[in-house]
Colleague: 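Before anything else, here's the structure in question.
What you see is a predicted model; the values in this text were computed from it and never measured.
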Amino acid sequence: MNRKFVHNLIRLREARLREQTAQLKQASRGLTDIRNLHDQARSSAAESIEAADTIAHLEVLGHSRIKLAKLAVKAEEQVRGMVEKVDHARKLTDSAREAGAELHRAHVAERERSMETEAEQFFSWSKVFGR
């Protein structure tokens, strides 16, 4: 394999992993925000039951809680999908890194074999000429 090709492949896969991870973090923050809003709507609904003048807001708060619960379900599905993508990208990156390390080991082994061959040729040449 070409070392430059493997190096570029590793860089691309690492960049893709960083991109996927950033998208996962963003989706997770969005899910957290949705859950926080849902909790706020729930506590506001509980408070509106206690006060007679705010009972009129109960319907709006109920609709917002339902809407936020649906959004949370969609966001959770999105986060699960992103986790799978990140795992896949991590596996691809790890395999590319391992291929790069294997290629490096092969080059080192080839260089050592070449040096051994040259040394053997030198010693056989020096024996022939009596040096």
Side-chain angles (χ1 to χ4, degrees):
M1 266 197 249
N2 187 349
R3 289 190 335 188
K4 185 175 180 180
F5 169 75
V6 172
H7 177 70
N8 287 338
L9 178 65
I10 292 169
R11 286 184 40 214
L12 285 172
R13 289 200 173 158
E14 286 174 345
R16 183 69 175 159
L17 177 60
R18 283 191 300 273
E19 175 189 356
Q20 294 287 336
T21 303
Q23 288 176 359
L24 174 61
K25 287 179 182 178
Q26 183 178 8
S28 295
R29 280 192 299 270
L31 177 59
T32 301
D33 292 345
I34 291 170
R35 286 179 177 162
N36 288 339
L37 288 173
H38 186 263
D39 290 342
Q40 288 174 0
R42 184 179 332 135
S43 64
S44 294
E47 291 171 5
S48 70
I49 291 174
E50 295 173 4
D53 59 335
T54 58
I55 248 177
H57 302 292
L58 194 57
E59 179 184 6
V60 174
L61 292 171
H63 286 297
S64 67
R65 284 182 60 198
I66 291 170
K67 188 175 184 178
L68 288 169
K70 289 179 182 179
L71 280 174
V73 169
K74 288 180 183 178
E76 286 171 353
E77 290 173 3
Q78 183 183 15
V79 167
R80 277 193 296 274
M82 298 297 285
V83 166
E84 290 174 8
K85 286 182 180 181
V86 168
D87 287 341
H88 183 68
R90 183 174 290 121
K91 288 177 185 177
L92 289 175
T93 302
D94 290 344
S95 68
R97 287 177 183 152
E98 181 58 35
E102 186 177 324
L103 183 63
H104 178 71
R105 287 189 297 270
H107 279 289
V108 168
E110 179 63 32
R111 192 175 322 130
E112 288 175 359
R113 279 192 300 275
S114 174
M115 290 173 61
E116 287 175 10
T117 303
E118 287 180 22
E120 288 173 4
Q121 288 176 354
F122 174 77
F123 289 127
S124 65
W125 174 78
S126 64
K127 285 182 183 178
V128 169
F129 291 108
R131 292 185 177 183

Colleague: Could you pull out all residues at least two apart from Leu12 that satisfy side-chain contact (heavy atoms from CB on, under 4.5 Å)?
Modeller: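 For Leu12 there are no side-chain contact (heavy atoms from CB on, under 4.5 Å) partners, ignoring immediate neighbours.
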
Colleague: Taking the side chain as every heavy atom from C-beta outward, state whether Thr93 and Arg90 have any pair of such atoms under 4.5 Å apart.
Modeller: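 No, side chains not in contact.
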
Colleague: When rounded to the nearest 0.5 angstrom, what distance separates OG in Ser95 from CG in Leu9?
Modeller: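 With rounding to 0.5 Å, OG (Ser95) is 7.5 Å from CG (Leu9).
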
Colleague: Run the salt bridge (charged side-chain N to carboxylate O under 4.0 Å, His left out) test on Asp94 and Arg97 for me, step by step, so that the C-alpha distance in whole Å, both residues' side-chain angles and the decisive distance to 0.1 Å come before the verdict.
Modeller: CA-CA 5 Å; Asp94 290 344; Arg97 287 177 183 152; 3.6 Å; yes

Colleague: Between Arg42 and Asp39, does any NZ, NE, NH1 or NH2 come within less than 4.0 Å of an OD or OE carboxylate oxygen?
Modeller: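 A salt bridge is present here (some side-chain N lies under 4.0 Å from a carboxylate O).
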
Colleague: Would you name the heavy atoms of Ala69 and His38 that are closest together and state the gap between them?
Modeller: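 Reported closest heavy-atom pair: N-CD2, 3.9 Å.
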
Colleague: Rounded at 0.5 Å granularity, tell me how far CD in Glu14 sits from OG1 in Thr21.
Modeller: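 Between Glu14 CD and Thr21 OG1, I get 11.5 Å after rounding to 0.5 Å.
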
Colleague: Would you name the heavy atoms of Ile34 and Ala75 that are closest together and state the gap between them?
Modeller: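 So the two residues come closest at CD1-CB, 4.0 Å.
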
Colleague: Quick check for you: to the nearest 0.5 Å, what is the distance between Leu71 atom CG and Ile66 atom CD1?
Modeller: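 It is 12.5 Å, given to the nearest 0.5 Å.
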
Colleague: Check this for me, if you would: do Arg113 and Glu120 make a salt bridge, where the nitrogen-to-carboxylate-oxygen distance has to be below 4.0 angstrom?
Modeller: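 Salt bridge absent between Arg113 and Glu120.
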
Colleague: In terms of heavy-atom contacts, does CD of Glu19 have more than 12 from other residues, nucleotides or ligands at under 6.0 Å?
Modeller: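 Yes, because the 6.0 Å sphere around CD of Glu19 holds more than 12 heavy atoms from other groups.
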
Colleague: What I'd like to find out is whether the side chain of Arg105 reaches to under 4.5 Å of the side chain of Val108, using heavy atoms alone.
Modeller: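 Sidechains of Val108 and Arg105: no contact.
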
Colleague: Which heavy-atom pair separates Val6 from Ala96 by the least distance, and what is that distance?
Modeller: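 In this case the closest contact between Val6 and Ala96 is CG1-O, 4.3 Å.
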
Colleague: Could you grab the distance from atom CZ of Arg35 to atom CD of Glu76, nearest 0.5 Å is fine?
Modeller: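 Arg35 CZ to Glu76 CD: 4.5 Å, rounded to 0.5 Å.
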
Colleague: Okay, side chain of Ser44, backbone of Ala41: is any donor-acceptor separation there less than 3.5 Å?
Modeller: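 Here the side-chain-to-backbone pair does not exist.
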
Colleague: Working to the nearest 0.5 Å, report the span between CZ of Arg18 and CD of Gln20.
Modeller: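 Reported value, rounded in 0.5 Å steps: 12.5 Å.
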
Colleague: So do the side chains of Met115 and Glu118 get within less than 4.5 Å of each other, counting heavy atoms only?
Modeller: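 A side-chain contact is absent here, since even the closest heavy-atom pair is not under 4.5 Å.
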
Colleague: What's the separation between atom NE2 in His7 and atom CG in Leu103, rounded to the nearest 0.5 Å?
Modeller: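 Reported value, rounded in 0.5 Å steps: 12.5 Å.
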
Colleague: Got a sec: does the CD of Gln26 have more than 12 other heavy atoms crowding it under 6.0 Å?
Modeller: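 Check fails, neighbour count at 12 or below.
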
Colleague: Taking transitive links into account, so neighbours of neighbours count too, which hydrophobic residues share a cluster with Leu17 at under 4.5 Å side-chain distance?
Modeller: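 So far as hydrophobic clustering goes, Leu17 is joined with Leu24, Leu31, Val79, Met82, Val83, Val86.
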
